[in-house]
There are 2 protein chains.
Amino acid sequence: MGDFRYNGKMYYNPVEFAMDRIGGTWKMPILWRLKDRVMRYSELQKDIPHISQKMLTTQLRELEDDGFVVRKVYAVVPPKTEYTITERGLRAIEVVKVIRNYGLELMDEMGINDK
Amino acid sequence: MGDFRYNGKMYYNPVEFAMDRIGGTWKMPILWRLKDRVMRYSELQKDIPHISQKMLTTQLRELEDDGFVVRKVYAVVPPKTEYTITERGLRAIEVVKVIRNYGLELMDEMGINDK
DNA sequence: CGGTATCCTCAATGATACTG
DNA sequence: CAGTATCATTGAGGATACCG
């Protein structure tokens, strides 16, 4: 596997590439919430603890640019924006599920229980 | 799923916890190389492109602290250190494989080929 | 309501030098 | 050989203010 470039950034393996698409602190939590329903910006913000407006916006934009979600703006007052997961996003959810299950398994193994 | 703490850091979901254990730029590449053979520090360094000495050392320490690898130091001159993957590390490899396959799939979908 | 635009901070990472 | 120690850099992310 050779090196390659995407959006001006170098990648050295497919894992790194995948994690830049759906990794980071916020992308999986966002995709997870969109997996079974369409949500508005403000709903996502209320539903995801500790996320800032800036992070929610930038992460949604990246997910949109990479084709994981679709953004639909309604021309109403006050504004209304809906985010819908795509087929590609649903495929990513399968990977998130694997990681999530693994996380739970690890936490169990390490004796961590939610407080 | 409530919040919980590990090593003094707060986590808000199992995905975040898992990614802190095996995510980041270097941990998966390291585990990947150890999956079918024991390797010395210098072998890892030669085999993983662009990793600095500092990153290799800190990431190996974290993997060791979390029980993914075992470090064995031989009291010889010059020094010799061997890193071996554990059962827990091998379980993580299964997750890495899923992510890696997904990355390859995504790259194909997005028309990215290694140069 | 759903964002932008700025400024700012700090933790992650790199570079370089040194050592048991 | 396998690291540590120190300093410099940078980019992710937070805080705040403003806007169509």
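No hydrogens, no waters, no symmetry mates; every other heavy atom, side chains included, goes into these values. Values in this document were obtained by computation on a predicted structure and should not be read as measured data. Chain letters run A, B, ... following the sequence lines, proteins first, then strands; residues in each count from 1.
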How long is the line joining [atom1] of [X] and [atom2] of [N], in whole Å?
{"X": "B:Arg61", "N": "C:dA12", "atom1": "CZ", "atom2": "P", "value": "18 Å"}
{"X": "B:Ile51", "N": "C:dA15", "atom1": "CD1", "atom2": "C1'", "value": "15 Å"}
{"X": "A:Glu62", "N": "D:dA12", "atom1": "CD", "atom2": "P", "value": "8 Å"}
{"X": "B:Lys9", "N": "C:dA11", "atom1": "NZ", "atom2": "P", "value": "11 Å"}
{"X": "B:Tyr83", "N": "D:dC1", "atom1": "OH", "atom2": "C1'", "value": "11 Å"}
{"X": "B:Leu56", "N": "C:dA15", "atom1": "CG", "atom2": "P", "value": "15 Å"}
{"X": "B:Tyr12", "N": "D:dG13", "atom1": "OH", "atom2": "C1'", "value": "14 Å"}
{"X": "B:Leu60", "N": "D:dA2", "atom1": "CG", "atom2": "C1'", "value": "11 Å"}

For this session: May I ask you to say whether A:Arg91 pairs ionically with B:Glu105, meaning some side-chain N is under 4.0 Å from a carboxylate O?
Result: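 Result for this pair is yes, salt bridge flagged.
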Problem set entry | Lys/Arg N to Asp/Glu carboxylate O, B:Glu43 vs B:Arg37, below 4.0 Å |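 Counted as a salt bridge, because a side-chain N and a carboxylate O are separated by less than 4.0 Å.
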For this session: Give a yes or no on this: more than 12 heavy atoms of other residues, nucleotides or ligands lie within 6.0 Å of atom CD of A:Glu87.
Result: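 No - once you tally the heavy atoms of other residues, nucleotides and ligands closer than 6.0 Å, there are 12 at most.
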Problem set entry | More than 12 heavy atoms from other groups under 6.0 Å of NZ on A:Lys46 |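 Open.
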Exercise. Should A:Thr81 be listed as having a side-chain N or O under 4.0 Å from OP1 or OP2 of C:dC1?
Worked result: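 False: A:Thr81 side-chain N/O out of range (4.0 Å or more) of C:dC1 OP1/OP2.
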Exercise. Which letters describe nucleotides 15-20 of chain D, given B = protein heavy atom under 4.0 Å from base, S = only from sugar-phosphate, - = neither?
Worked result: B----B
Spatial distance of atom [atom1] ([X]) from atom [atom2] ([Y]) [nearest 0.5 Å]:
{"X": "B:Met107", "Y": "A:Phe17", "atom1": "CE", "atom2": "CZ", "answer": "6.5 Å"}
{"X": "B:Gln45", "Y": "B:Leu56", "atom1": "CD", "atom2": "CG", "answer": "6.0 Å"}
{"X": "A:Asp66", "Y": "A:Arg88", "atom1": "CG", "atom2": "CZ", "answer": "7.5 Å"}

For this session: Report which part of the nucleic acid B:Tyr74 touches: base, sugar-phosphate, or nothing (heavy-atom distance under 4.0 Å, all strands).
Result: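 Result for B:Tyr74 = nothing.
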Exercise. Out of D:dG14, D:dT4, C:dT13, which has the shortest distance to the side chain of B:Thr57?
Worked result: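 Output: D:dT4.
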Exercise. Only one of B:Val70, B:Leu34, B:Leu63 clears side chain to side chain contact (heavy atoms under 4.5 Å, CB included) with B:Thr86; which?
Worked result: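 Of the listed residues B:Val70, B:Leu34, B:Leu63, the side chain to side chain contact (heavy atoms under 4.5 Å, CB included) partner of B:Thr86 is B:Val70.
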Exercise. Given A:Leu60, which of A:Thr81, A:Leu44, A:Asp65 fulfils the side chain to side chain contact (heavy atoms under 4.5 Å, CB included) condition?
Worked result: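 Among the candidates, only A:Leu44 passes.
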Exercise. For DNA chain C, what residues of residues 16-48 of chain A have any heavy atom nearer than 4.0 Å?
Worked result: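 Close to the strand are A:Arg40, A:Tyr41, A:Ser42.
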Problem set entry | Earlier contact from the 5' end, DNA chain D, for B:Lys80 and A:His50 |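 It is B:Lys80 whose nearest nucleotide is closer to the 5' end.
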